[in-house]
Every structure is written in C-alpha cells, then in structure tokens.
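Along the sequence shown, residues carry numbers from 1.
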Amino acid sequence: MRKTLFAPVVALLTLTVLAATAGCDEGRSRAAPVRFGVAHAKPGADAAHQGKRAGHTSLVRMPTHPISFEEQRKVPGAGQNTPIGVTTFHGPKSGFTGKVWVWAPPEYYEKRNANKGFPVMEALPGAYGYPVNYWIGGDLKLEENLAQWSQKGTSLPFIVVMPVLNPNDKQYYDGSDIPGQPKIGTWLSQDVPDLVRQNFRTLNTRNGWAIMGSSSGGFAALKNVLQNPGAFKVAIPNGPDIVPDSPLWAGHAKEERENNPEVLARRLMARGGPPVYLAFQDGSREATVLPKVRQFIQRYGHGPVHTRLQVVPGGTHSAQTYIQGLGEGTMQWVSSLMQGPTA
C-alpha cells in the first residue's frame, strides 16, 4: 500500500525528468562525452595526464577501466556546471544490464585533489525506479544541494551513483537476488560499486561508501548495509519498507528470509559487528511507515546497529521531504561517520 501511495509522486517526477532531458538536445549539438577517470580534468574534458597512482598503504583507489559517459545534464549553482553522466552498463557479476547515472562534486576536479579518493553515495529511487532514477532530476536538486552543503561544511563531497532499481515497471524485486529473476541484489551491491571504482578515484575502505534510498529503494538501502557491512558503512533509508514484500518471493521462503532486514540485524548483533549506521528519514505525516521505523529502531538499534531518525515536520512520503531532511541534519551526521577525500 505504501508503495502505491508513492507511485503518483514518482510518476510525476519521472515525467519531469524525461521531459527535461528530452528538451536538452533541442536546438544544440550533442554534449561531448564525459570522462571522470582522469586526474586533472575539467568537466567533460580529458586531461593531459593522470595523477600518479597511490602507494600500497594509501586508501586511494585509482580508476581501473574508465569509459565515456553521455552527458545527461549540468548541475548549476553550487554544482558549478559539473556534469551528470549516464551509461548503459552490463553487470558482469549479476548478468543484468541497466542504466547508471553518475556525478562527481566540484571538489573532485580541483587540482589540489587530483590524487585524492572521494567517498561514494549510491542513491536509489522509490517505486519501480525504472526507466529513470529520479535523483538525477533538476527538480529535486540532490546534486545541487550536496554541493552547497559541502561548501558549508555540513556534508562531505560525495560522488553520487544512481542506478535503475528494477528491471521493469511491472514488479518489485526488493533489491535482491530472487531465485529465477534478475540478480538485482548483486547489481546494486557489487556491479554498480565496481563501475564506480573503474571510473573514479574512490576510497579503499567501507568508511567511504554509503547507500541511500526512498520507499522501496529505502528497503534496498537498509537491507544492503545489513547484508554487506564489509562494503557499506552507512545507509540512509528514507520512508523504507522494513521487510521484503515482493510477490516474486512466492515459493522461496528461505531466500526471502536471507534478505529480511530484521533477520540480518539480529545476526549482525549476535556476531557483534562490524558496526553499521542507519540514518532513517521520515515525514511526520507518514502514518503507515513511521511507526514501523520506530519499532525497528527500538528492537534492533543496539550494539553494532547504530540508528538515527530524522523526522521532517509536516513531511510526507516523498523525495522532497527526504531532501529537506538531508539538509536538516542527516548529511552532517552521515558525513561525521565517513572518510573524506584523502590521498
């Protein structure tokens, strides 16, 4: 039911993004390909040379196989016209092929940071999250806000990667490897991060990796950090589902259990870590979702499972509410837990 409530908002946002991006090509030539895997580059242009590779003891992980992305749009304002790029990517581990959008903050292009690795946030949309990840849109201004918060010192400068969440707009796959279905869990937790590592200067530590999502994407974020605590340190679940509810789990009760955040949290607590940090966000008007989130925090927010809840006054089950929450404390808390750009 909660996903159904979210669907009209997502549909509107998707139409807005599609309309905006369709109009970008009218009356001008196609933008130059974007390459992020160079050290001293201005947005959209290759550099004369790359920075030297980091030493064995460094946390920096240099790009291993950079490719060209198609420019989706430029991020104005505090974003300093940095590009969002898009590519269609075949995940070698999942076997799934889907679109992935990427963005690097203005600091990434500064010469003084040429040999520094940057933290990464994987941002997942709500509802079906197909064919567009709505976090790329200029209406929500995720990238513009992150750039502004970074300038103010209330957020780290994150690389943002925005994959499609599902293989179609007909079913929810719960961000998981459901038997007999596309391996969306592997796509989100392994293939997409690998694509980032191939193309960006990243950090070779889980302290440099976070995953955010809204609604059904919030479930995927919550589940992934509990399921893969060696890969992600922080999750930002926005108005999330708490348990799997895809109809595709029918006949696969054991596998469904293996992808249940409640089960995963209990197991993490039983073995004592590693510690994970869950930055929940909800609007005060989310009457269905908020009580379930509070219950999860009460039951499982102990030991290695650290939690924080940002309740946005008057907020609804919407991406706009969650953007507001990010700026009202969530990003500052998340950033305090993570590794910033480092050489």
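Taking 4.5 Å as the limit, some side-chain heavy atom of Leu188 sits within range of a side-chain heavy atom of Leu124. The shortest side-chain heavy-atom distance between Gln171 and Leu248 falls under the 4.5 Å cut-off. Counting only heavy atoms from C-beta outward, the side chains of Val100 and Trp187 approach each other to under 4.5 Å. Using a 4.5 Å heavy-atom threshold, the side chains of Arg206 and Pro274 count as touching. Contact check for Arg267 versus Glu258: side-chain heavy atoms found under the 4.5 Å cut-off. The side-chain heavy atoms of Met121 and Ile236, taken from C-beta on, include a pair separated by under 4.5 Å. Using a 4.5 Å heavy-atom cutoff, the side chains of Ile323 and Leu326 are in contact. Using a 4.5 Å cut-off on side-chain heavy atoms (C-beta onward), Gln310 and Thr330 make contact.
Here the straight-line distance linking atom CD1 of Ile297 with atom CG of Leu278 works out to 8.0 Å at 0.5 Å rounding. How far CG of Leu140 is from OH of Tyr322: 12.0 Å, rounded to the nearest 0.5 Å. Distance check, rounded to the nearest 0.5 Å: CG of Asn133 to CD of Glu122 gives 9.5 Å. The structure places CZ of Phe96 at 12.0 Å from CG of Asp177, a figure rounded to the nearest 0.5 Å. The distance from the CD atom of Gln332 to the OG atom of Ser155 is 9.5 Å, given to the nearest 0.5 Å.
With sequence neighbours left out, the ring pair (Phe, Tyr, Trp, His ring centres under 6.0 Å) criterion links Phe200 to Phe36, Tyr108. Judged as a salt bridge (Lys or Arg N to Asp or Glu O under 4.0 Å), and not counting sequence neighbours, Glu262 has no contacts.
Without hydrogens or angle criteria, Ser246 side chain to Tyr172 main chain gives a donor-acceptor distance under 3.5 Å. Within the 3.5 Å criterion, the main-chain N or O of Gly175 finds a donor-acceptor partner in the side chain of Lys223. Arg285 contributes no side-chain N or O that, together with a main-chain N or O of Thr316, makes up a donor-acceptor pair within less than 3.5 Å. With Asn228 contributing its side chain and Gly230 its backbone, the two residues share no donor-acceptor pair below 3.5 Å. When atom types are taken as modelled, the side chain of Thr82 and the backbone of Gly79 share a donor-acceptor pair closer than 3.5 angstrom. Although no hydrogens or angles enter the test, the distance criterion places no donor-acceptor pair under 3.5 Å between the side chain of Ser68 and the main chain of Arg35. Judged by distance alone, with hydrogens and angles left aside, the side-chain atoms of Ser216 form a donor-acceptor pair with the main-chain N or O of Ala127 at under 3.5 Å. Using modelled atom types, one side-chain atom of Ser58 and one backbone atom of Val60 make a donor-acceptor pair closer than 3.5 Å. For Asn260 (side chain) and Val243 (main-chain N/O), no donor-acceptor pair under 3.5 Å exists by modelled atom type. A donor-acceptor pair under 3.5 Å links the side-chain atoms of Asn166 to the main chain of Tyr128, judged by distance alone.
Cluster membership for Leu309 and Leu222, using ILVMFWY side-chain heavy atoms within less than 4.5 angstrom, is shared. At a threshold of 4.5 Å between side-chain heavy atoms, the hydrophobic network of Ile, Leu, Val, Met, Phe, Trp and Tyr places Val276 and Val263 in two separate groups. The hydrophobic clustering, which links ILVMFWY residues whose side-chain heavy atoms are closer than 4.5 Å, places Trp135 and Val312 apart.
In this structure, Arg61 forms no cation-pi arrangement with Trp209, as its terminal cationic atom is not both closer than 6.0 Å to the ring centre and no more than 45° off the ring axis.
Using a 3.5 Å distance cut-off with no hydrogens or angles, the side chains of Gln227 and Ser189 do not pair a donor with an acceptor. Between the side chains of Gln198 and Thr64, no donor-acceptor pair is found at a separation under 3.5 Å. No donor-acceptor contact under 3.5 angstrom links the side chains of Gln324 and Gln320, judged on distance only. A side-chain donor-acceptor contact under 3.5 Å links Gln72 and Trp101. Residues Gln281 and Asn238 have side chains that bring a donor and an acceptor to within less than 3.5 angstrom of each other.
Looking at Glu144 and Arg73, a side-chain N of the basic residue comes within less than 4.0 Å of a carboxylate O on the acidic one, giving a salt bridge. Lys292 has no carboxylate O lying under 4.0 Å from a charged side-chain N of Glu286, or vice versa, which leaves the two without a salt bridge.
Listed by first and then second residue, the salt bridge (charged side-chain N to carboxylate O under 4.0 Å, His left out) pairs that reach into residues 87-96 are Lys93-Asp194, sequence neighbours excluded.
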Give the intermediate values and the outcome of side chain to side chain contact (heavy atoms under 4.5 Å, CB included) for residues Thr154 and Met331.
-> CA-CA 7 Å; Thr154 57; Met331 285 312 304; over 6 Å; no
Derivation of the salt bridge (Lys or Arg N to Asp or Glu O under 4.0 Å) call for Glu70 and Lys99 | CA-CA 11 Å; Glu70 180 182 345; Lys99 285 195 172 184; over 6 Å; no
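Other residues, nucleotides and ligands place no more than 12 heavy atoms under 6.0 Å from the NZ atom of Lys183.
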